[in-house]
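Protein chains get the first letters and strands the later ones, always in sequence-line order, with residue 1 at the start of each.
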Number of protein chains: 2
Amino acid sequence: MPTVTLKDVAKVAGVSYATVSRAISGSPEISEETRRRILKLCKEMGYTPNSVARSMVKRHTEIMGLIVPSLNNPFMSELTAHLEIYARTRGYNLMVCNSSYDYDLEKEVFSLLVGRQVDGIIMIPVGHESYEPLNALTSQVPTVFISENMKDYPENYVSVDNHRGMQIATEYLYSLGHRSILYFGARSDSKTHQLRLDGYLSTCEKLSIEPHVLRSSYTRSSREVGYAMGGEYFSRPHQETAILCAADMLAIGVMQAAFEAGVRIPKDVSLMGFDNISFSALPQIDLTTVNQPFQQMAIASVDMLLDRIKNPRSEHAKLILPPSLIVRKSCRALGK
Amino acid sequence: MPTVTLKDVAKVAGVSYATVSRAISGSPEISEETRRRILKLCKEMGYTPNSVARSMVKRHTEIMGLIVPSLNNPFMSELTAHLEIYARTRGYNLMVCNSSYDYDLEKEVFSLLVGRQVDGIIMIPVGHESYEPLNALTSQVPTVFISENMKDYPENYVSVDNHRGMQIATEYLYSLGHRSILYFGARSDSKTHQLRLDGYLSTCEKLSIEPHVLRSSYTRSSREVGYAMGGEYFSRPHQETAILCAADMLAIGVMQAAFEAGVRIPKDVSLMGFDNISFSALPQIDLTTVNQPFQQMAIASVDMLLDRIKNPRSEHAKLILPPSLIVRKSCRALGK
DNA sequence: TACAATAACGGAAACGTTTACAATAACGCT
DNA sequence: AGCGTTATTGTAAACGTTTCCGTTATTGTA
């Protein structure tokens, strides 16, 4: 409890505390002999540098803020794990905040984090129509988004190629013989979902098949939403042979609704997701989906942020990672 | 980028910066008039208090450290979410670290966090035989564990009553007519798993049925481990009518193995888990299990930590929350 | 009117570091 | 011997707050 400081060490070492500081910081302007002596003393006295004091003078904290809408969603938590682990290898700790899918809360925690003097912020934004209101915030501290961003407000972000991903998915379904494909999406106020929808729509056009879109009034792609949408859909007459969901969680909810409605997957209807969260690999779920390269995204995000911290005045950066198809058992080929 | 400080505000307000400080901190020794004037000015100038500087003089950071073995496990991530949200309502931010189930890494990040001057640490420990090696660490900063702790080294912790939970589970299976119950557990070097096993064992004895225990050589209760254990089990002759798993993730893995081995749940064998992670409610899984009250545990943990921060010299505290039975569809009653 | 009490504010120290600058010592060179 | 270098160390300022203490102005009281 009685924390030992630089001064304490200096006192018993009989040197000035600048010397002690130099010993620990690995400064060259100190003799090897005294360095060893002091380092040994530090160990003995149980000295740990106070990084708050250090941050005070160095003007940076070596802390990154992370804002996520939720941690219950495996997509977020898996990403968070990668983020934290990689950031730590680069000497940064993560201060994590839930925005709970709340737009105001998101802004609030953002400000909170800049007050905390984080060196930068990584943010998985809740769905926004526009990023404009965030600009006042992001000008305060280097920020990178994980997810697409509005074109009219270029910012730094890394993302999977959502448009391409849905194209891949749609084409896959088409190649299986499906001509009537229903798209299940959340409300499109998020750029991510807009791009996914566009990917589907444009591919339909290219393939000359008619698009069918069902969009939830909710903005979140949760299991509950998928369950509700699926329930309603299956309770009415329907003729689509495949359902393409904007997110795995949605698909898992749909699967649940299908199960309860007695429609079998993939026998009666094929089902695809997007994200490739770990649970979609469960044999009971076994969802064919589009992969997001989580770890790559995490690494790219912190690298990008690091870059912007070093070089805040640089051009806005973006990195769009390629998605890939993960074939499992939730889709079947249509006999003619 | 040119951050505005107290002094800047003071300068344009024409007061000393002590006055500005008083205005924001809500000190009584300032006139309402100047306070309003200064607060308005702060808004205009976009001043945000530097909490690093504040921490420097106040000697606390209002930051809690959180150490978890993993975030991929829904048990951890759900808990983490609750922890963060509740801590924030109490004015604390969370610095999250993965120990990656690595004993040495756990100690390393612990030290890292105390260097960061966190006011306290909440820790979900990787399984330990003994907490003794941690004592050197926990003496440095108030710590509360989530999970049972060694009896010989009393520490602060909150936990679900693991013993009682397994007792409930075993009795439930018994009440369904099962007399031959297999216990699937991870290697027992964690107190949690020890207590769960004991709960099973003692209940077997009470009920006069013979216990059957299969323990993994791995310490983690992951889906992969459950899958491997289940695969091996189902590939040999077996006669147990029910399998009781030490954790939901384990059970989900077993379920996968059962599926592939052609054994149907609950028709051929009943299956129970422990934890009640959100995914166990999926209709495709629908696992009967024992509930851990996540939110209660989260709230209790930060309250307990807050308490110890205020009062470091107090008695060690512990809180054991009652588990409850969650009946779903993975167990069936045995006809005689 | 004089004086004590109080309200409002300013000055300055302190928190534990880093670092620019100054100081000293040791050394090599001419 | 004197001087410039260099290596090593010390001194002190700075980072942005909070807070103790002192000062001034204002008010109330006798």
Side-chain angles (χ1 to χ4, degrees), chain A residues 1-39 41-42 45-63 91 112 114-119 140-141, chain B residues 1-39 41-42 45-63 91 112 114-119 140-141:
Chain A
M1 241 29 163
T3 38
V4 24
T5 78
L6 263 194
K7 279 183 190 166
D8 300 326
V9 180
K11 196 161 294 172
V12 350
V15 297
S16 81
Y17 50 91
T19 305
V20 181
S21 172
R22 281 189 270 257
I24 8 186
S25 64
S27 157
E29 35 184 273
I30 187 177
S31 75
E32 264 315 308
E33 188 193 329
T34 45
R35 152 162 302 141
R36 253 194 303 276
R37 187 168 61 92
I38 289 177
L39 252 31
L41 199 57
C42 284
M45 300 180 62
Y47 167 74
T48 30
N50 182 329
S51 42
V52 170
R54 176 177 301 175
S55 296
M56 180 92 259
V57 18
K58 295 203 126 187
R59 322 288 299 277
H60 52 254
T61 50
E62 243 92 277
I63 298 177
L112 204 138
V114 337
R116 289 272 186 202
Q117 309 300 115
V118 297
D119 292 341
Q140 300 183 67
V141 66
Chain B
M1 240 32 161
T3 38
V4 26
T5 76
L6 261 194
K7 279 182 188 165
D8 300 326
V9 179
K11 197 161 294 172
V12 351
V15 297
S16 80
Y17 51 91
T19 306
V20 181
S21 171
R22 280 188 272 255
I24 355 187
S25 64
S27 154
E29 35 185 275
I30 188 177
S31 77
E32 263 317 306
E33 189 192 328
T34 44
R35 153 165 300 143
R36 254 194 302 274
R37 187 168 62 92
I38 290 178
L39 253 31
L41 198 58
C42 285
M45 300 181 61
Y47 168 75
T48 29
N50 182 327
S51 43
V52 170
R54 178 177 300 173
S55 296
M56 178 93 259
V57 17
K58 293 201 127 187
R59 324 288 299 276
H60 52 254
T61 51
E62 242 92 277
I63 297 175
L112 204 139
V114 337
R116 289 272 186 203
Q117 308 299 117
V118 298
D119 292 342
Q140 300 183 67
V141 65

B/Arg37 and B/Val15, any side-chain heavy atoms less than 4.5 Å apart
yes

Taking the side chain as every heavy atom from C-beta outward, state whether B/Ser16 and B/Thr19 have any pair of such atoms under 4.5 Å apart.
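Touching, per the 4.5 Å side-chain cut-off.
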
Find the partner of D/dT29: check Watson-Crick (N1-N3 plus N6-O4 or O6-N4) and G-U wobble (N1-O2, O6-N3) distances, both under 3.5 Å, and reply none if neither fits.
C/dA2

[X] [atom1] to [N] [atom2], straight-line distance once rounded to whole Å:
| X | N | atom1 | atom2 | result |
| --- | --- | --- | --- | --- |
| A/Lys11 | D/dG10 | NZ | P | 14 Å |
| B/Ile30 | C/dT6 | CD1 | C1' | 16 Å |
| A/Glu32 | D/dT8 | CD | P | 9 Å |

In Å, rounded to the nearest 0.5 Å, how long is the span from [atom1] of [X] to [atom2] of [Y]?
| X | Y | atom1 | atom2 | result |
| --- | --- | --- | --- | --- |
| B/Met45 | B/Asp8 | CE | CG | 5.5 Å |
| B/Ser27 | B/Arg35 | OG | CZ | 6.5 Å |
| B/Asn50 | B/Thr3 | CG | OG1 | 8.0 Å |

Does the pair B/Leu6 and B/Tyr47 meet the rule for a side-chain contact (heavy atoms from CB on, under 4.5 Å), with working shown?
CA-CA 8 Å; B/Leu6 261 194; B/Tyr47 168 75; 3.5 Å; yes

When you check every protein heavy atom under 4.0 Å of nucleotides 14-25 of chain D, what one-letter string (B, S, -) results, 5' to 3'?
-BBBBBB-----

Regarding B/Thr34, tell me which of base, sugar-phosphate or nothing describes its non-hydrogen contacts under 4.0 Å with the strands shown.
sugar-phosphate

